[in-house]
Every structure is written in C-alpha cells, then in structure tokens.
Amino acid sequence: MKENIAAILKKKIEDFTAASRLEEVGYVLESGDGIVRLSGLPSAMSNEMIEFTNKTYGIAFNLEREQVVAVLLGQHTAVKEGDVAKLTGRILEVPVGEALLGRVVGALGFPLDGLGEIKTQKSRPVEKIAPQVVDRTPVNQPLQTGYKAIDALIPIGRGQRELIIGDRASGKSTMSVDAILNQKNQNVYCFYVAIGQKESNIVQLVQKLREHGALDYTTVISAPASDPASMQYLAPYAGCAMAEEFMYNGKDALIIYDDLTKHAQAYRMISLLLRRPPGREAYPGDVFYLHSRLLERSAKLSPKAGGGSLTALPLIETQLGDITSYIPTNVISITDGQIFLEPDLFNQGTRPAVNVGISVSRVGGNAQVPAMRKIAGRLRIDLAQYREKKSFALFAGEVDKETLRQLNRGAIISEVLNQDKHQTMSIEDQIIVIYAAVNNYLDEAPLKRIKETENQLIKFVRGAIPEAVPKLTSLDQATETKLKKALQSFVESHYAGTH
C-alpha cells in the first residue's frame, strides 16, 4: 500500500510543470458614484475591460498620467477602496448572431427573459469604426413602414438613418414598433434598443411584438431607467454591434434607438462624474461625436463589401416642439432626414401626427417603388394646396366652387393618410388607395366613412384584378389601365344614385 502511494506521489512530482502567468495588477484608490480611480495599470487601453476582486467589471475611460479612471458596469457599491484590479487585455465585446433573435438582453448581451443562456460562439466589439465611403453604395431599396404618410411622402431606404423626433407621447415609439411589425416576411432583422425607459413599458413592447409574431426576427436590448448610467450609455453601441453582424453577412437589418436624448443624458452624467469640462447645457464637448460614431455605422454596403444594409431609426424627444435645442440639432445634422411628430396634430386625432412641412427624407424617391414615386408628387402638391386654402377659407365669407372642390379633396386625402397604430398596410394596398385618392375616385365618398370605403376599395380591386396586384409596385401602362377600370367599376357600383 505504501509503495503504491509513493509511486503515485513520484509520478505526480515528475509530471508537475510550474505554470506562470503574467498579470498587470492595480489598486482602487477611490470609488464612488460608479467611477473608480486606479493606480498601477500603465498598459491600460481605452475601453479595455478591467476585472475587480469580486468579478465586477469596469471600462477604462480616462487614461491619465498617474492613474486610470474606469466606469463600473454594475452597482457602484460593488467596488471599494483597496480592491485589486486586473487588466483583461480585451476590449468590451457582446455576443452576436442568430441565437439572439427572439430574445431580450441587457446592454452587455446577457439574457433578461428567463429563457436560458444565449448559445453563440460569435462576438463583436461594442465600438467599431464605421464603413468607409468606398465600401458604401447609394440607398436604392425601400424599407416599408406600412404607413401611407411615411412611405409616400417621407420614404425610408435600406441603409438610411431617418430621425423620428417629437414631444413626449406624440407617437414616436408606436411608429418605430409598427416599422418592426411591417418587416414580417421582408427578410429584415430588427433590433430595438430601449434606453432609460420604464421596465413596464419594455414588457408591454415585448408582448406586442410576440402577439404579432414579430419577436421571431427581433432582438430587444434593454437598459431601463433602473440600470446604471454606464449601461444606458453602452446599450445603443451593443445593439449596433449585434445588428452589424447581419449587415456584414450580406443581410438587411433595422435598428431603433429609443431614445438618444436619454442616451446623451446618461453620457453627460458619466462625463460630469469623470470631471470632464462641461460645455453647452452641461454636455461634454464630444457629445456630437457620441452620436455621429454610432449613426455612421448604419450604411448600405457595396456588393464588394457584402451588400448588406443597416437602417437606423433614432428617436429624439423634444421639449414643447423645440427642435433647435442642442441634442436635436446635433442628430438632425447627422441623419439623412427627419420625421417630425407634432403634439397639436396628435391631439386633433391625426395618426401618425406627421408635420409634412418640416419632415423630409434626403434620400427621397430613390427609396420608393416606381409606382409610389409616380403618384407621391401629386399627393404632396394636393396636400400643400389644401393646407394653404384651408387657412384662407377661414377668413373668406364665400368660397368659389373650384376652391371648395380642392378643400374637399384635400380633406379626403388627409383622411386617407390617417392610420391607427398597429394597422400597417402592404405597399400594394397603399398604392391602390393613394392612386384612387389623387385621381378623384374617392371624391364621392363621405368623409366620415373614408376608412370603411378604403377597406371596401382594396377588397374590390384585389377581387377584380388579382393578376395585376403584384405588378402594382411598378405600375406599367397595362397595369395602370386595369387599375383605372377596376376603380371606375367600384365608383359606379358603390356610388350609383348618390347624386
């Protein structure tokens, strides 16, 4: 027995090899409010992950001559003075890939939905340089939102950055959620980044996506108001890294940042705690770069670079409709257009409450199907004339027949563009309705029954010319002739004897 033990011990000693590992270790000099000041880490890189004694992590933010200042990724009470800090040699990364679809994750990619771990071997750095100009190609493919007012007048293309801006409770989040719902069967992967929101709102959002079968192709990145400012700051970059995985693999992705006002506020909080010099409205001097380096990562890649696209819909909350304040003007200057939602229109019952005068898409008709491009120009002119004549008609005692006709048609077109939330419409149905409106086929319809007439019209046209419906997006001469005949038949059968 003794010989056996001696032989085992001898074997163990012979097989033993001393493993040594070099680690750069520092110490916590000061910790408070989520900011940690460290000594003894001269090799630290910007944005490198730093590990503390109790497996808490931080990111190196300020690299100063005598010390490193890190921001904690967790509760600020987790690290105290005297704790050991080690460099990990890794820039902050998040898990990416198809395993994240249908999941709700935190700002660092950890699951929040109780469905177990996310099984993926892939990861991407949170911060990445945006695609170069030579790797991009002009936006030329539409991303349909399902809203007639948007797809006709302020079109969004795949690879575009279109700002949604407006006061609180004016329908910004609803519009962005509907844009996700409308991507069903469109081969667009969606990412929704919720920054600084109530957790109850995020739960409702996830439930809405699940009800409509949209969660299967969507990832929700949640950094609620209860999370530290560091998590709210990181969330949009993490979401962008997850979406980029699809873009760089030749696929189309859509990301929504809800909203960048709270993101800027979280960054302001971190910057003031880091004692960086405050500028206008106490924001740090690099707050423009904060959003430009995020939004510039959205692009339509050239075929050589993979041909994928990442479309960004950032949201900005204004105060009393003031789009000239610091953060709104910054983001307007970075994006390719803006959709301005007006509280007055919202309160009047206009849905979506889009102010067509201020809203613009700098990609324009390039992001529309040919049929919509053909009929949308007339639509904008009719709406502009209606708004002008409507204001003059308030002061005029009598209105001539031509003006009255234009006012009636303008009212009908405005009503046609009205659309309730979660009632998105296919592009073919939009073309049928808008074509009918701008070409006087709905002039006889009672204003209060426009929605009912719309539904009947779509059903009638789809039944009368089913073979032509898929060709409506191009609207060639033969298809247009068939559409006109179907619309004429509808008017004759529907309004016979109304005069």
Side-chain angles (χ1 to χ4, degrees), residues 34 56-57 59 71-76 92-120 123-124 126-127 164 168 172-181 183 189-212 214-246 253-267 269-270 290-291 294 310 312-317:
T56 302
Y57 287 90
I59 316 175
V71 176
L72 277 182
L73 301 175
Q75 294 304 319
H76 63 88
L92 186 61
E93 295 176 333
V94 287
V96 297
E98 295 198 3
L100 281 107
L101 296 175
R103 302 299 299 269
V104 182
V105 298
L108 299 178
F110 49 81
L112 297 176
D113 49 13
L115 298 176
E117 64 173 310
I118 293 161
K119 294 172 182 174
T120 179
S123 63
R124 277 187 172 272
V126 165
E127 295 272 6
I164 300 173
R168 188 172 177 274
K172 301 186 300 298
S173 296
T174 301
M175 180 181 284
S176 56
V177 170
D178 283 346
I180 290 177
L181 300 184
Q183 302 316 309
Y189 299 92
C190 302
F191 297 83
Y192 190 98
V193 185
I195 309 159
Q197 295 188 31
K198 290 190 293 187
E199 290 191 48
S200 58
N201 287 358
I202 298 168
V203 170
Q204 286 171 8
L205 162 82
V206 173
Q207 189 59 36
K208 184 62 66 182
L209 293 173
R210 188 175 281 120
E211 280 172 18
H212 288 79
L215 199 58
D216 299 339
Y217 54 86
T218 305
T219 303
V220 177
I221 298 96
S222 170
S226 56
D227 270 11
S230 56
M231 294 298 198
Q232 294 180 41
Y233 158 73
L234 281 172
Y237 299 104
C240 191
M242 293 169 191
E244 278 177 334
E245 172 68 14
F246 291 90
L254 166 67
I255 188 163
I256 285 146
Y257 304 110
D258 188 4
D259 64 69
L260 291 188
T261 308
K262 292 188 181 74
H263 181 235
Q265 288 165 358
Y267 186 62
M269 189 190 301
I270 292 169
L290 172 80
H291 289 149
L294 171 69
L310 175 55
L313 297 181
L315 275 62
I316 288 284
E317 186 178 300

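Quick caveat: nothing in here was measured; it's all calculated off a predicted structure.
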Please round to the nearest 0.5 Å and tell me the distance separating atom [atom1] of [X] and atom [atom2] of [Y].
{"X": "F191", "Y": "L101", "atom1": "CZ", "atom2": "CG", "result": "6.0 Å"}
{"X": "I180", "Y": "M175", "atom1": "CD1", "atom2": "CE", "result": "13.5 Å"}
{"X": "L290", "Y": "Y233", "atom1": "CG", "atom2": "OH", "result": "6.5 Å"}
{"X": "L315", "Y": "I256", "atom1": "CG", "atom2": "CD1", "result": "7.5 Å"}
{"X": "L215", "Y": "C190", "atom1": "CG", "atom2": "SG", "result": "10.5 Å"}
{"X": "T120", "Y": "M242", "atom1": "OG1", "atom2": "CE", "result": "10.5 Å"}

Check [X] against [Y] and note the closest heavy-atom contact, atom names and distance.
{"X": "L313", "Y": "A179", "value": "CD1-CB, 4.2 Å"}
{"X": "S123", "Y": "E93", "value": "OG-OE1, 3.3 Å"}
{"X": "H291", "Y": "A264", "value": "CE1-CB, 3.8 Å"}
{"X": "A253", "Y": "A243", "value": "CB-O, 4.0 Å"}
{"X": "G116", "Y": "R103", "value": "O-NH2, 2.5 Å"}
{"X": "A107", "Y": "A238", "value": "O-CB, 3.1 Å"}

When you compare the side chain of [Y] with that of [X], does any pair of heavy atoms fall below 4.5 Å?
{"X": "E98", "Y": "Y189", "answer": "yes"}
{"X": "V94", "Y": "V105", "answer": "no"}
{"X": "P228", "Y": "H76", "answer": "no"}
{"X": "I202", "Y": "P224", "answer": "yes"}
{"X": "C240", "Y": "L310", "answer": "yes"}
{"X": "Y257", "Y": "L294", "answer": "yes"}
{"X": "T174", "Y": "V177", "answer": "no"}
{"X": "I164", "Y": "I316", "answer": "no"}

**Item:** Option passing side chain to side chain donor-acceptor pair (under 3.5 Å) with D258 (candidates Q197, H263, K172)
**Value:**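 Single pass found, and it is Q197.
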
**Request:** With sequence neighbours left out, write down each residue that passes ring pair (Phe, Tyr, Trp, His ring centres under 6.0 Å) with Y217, or none if nothing qualifies.
**Result:**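 Ring pair (Phe, Tyr, Trp, His ring centres under 6.0 Å) list for Y217, sorted by chain: empty.
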
Give a yes or no on whether the backbone of [Y] and the side-chain of [X] come within a donor-acceptor separation of less than 3.5 Å.
{"X": "S230", "Y": "L72", "answer": "yes"}
{"X": "D259", "Y": "K262", "answer": "yes"}
{"X": "Q232", "Y": "D227", "answer": "yes"}

**Request:** Apply side chain to side chain contact (heavy atoms under 4.5 Å, CB included) to T261 and I195, showing your working.
**Result:** CA-CA 9 Å; T261 308; I195 309 159; over 6 Å; no

**Item:** Set of salt bridge (charged side-chain N to carboxylate O under 4.0 Å, His left out) partners for E211, sequence neighbours left out
**Value:**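 Testing E211 for salt bridge (charged side-chain N to carboxylate O under 4.0 Å, His left out), a comparison that skips the adjacent residues, returns K208.
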
**Request:** Step by step, work out the side chain to side chain contact (heavy atoms under 4.5 Å, CB included) result for V104 and I221.
**Result:** CA-CA 6 Å; V104 182; I221 298 96; over 6 Å; no

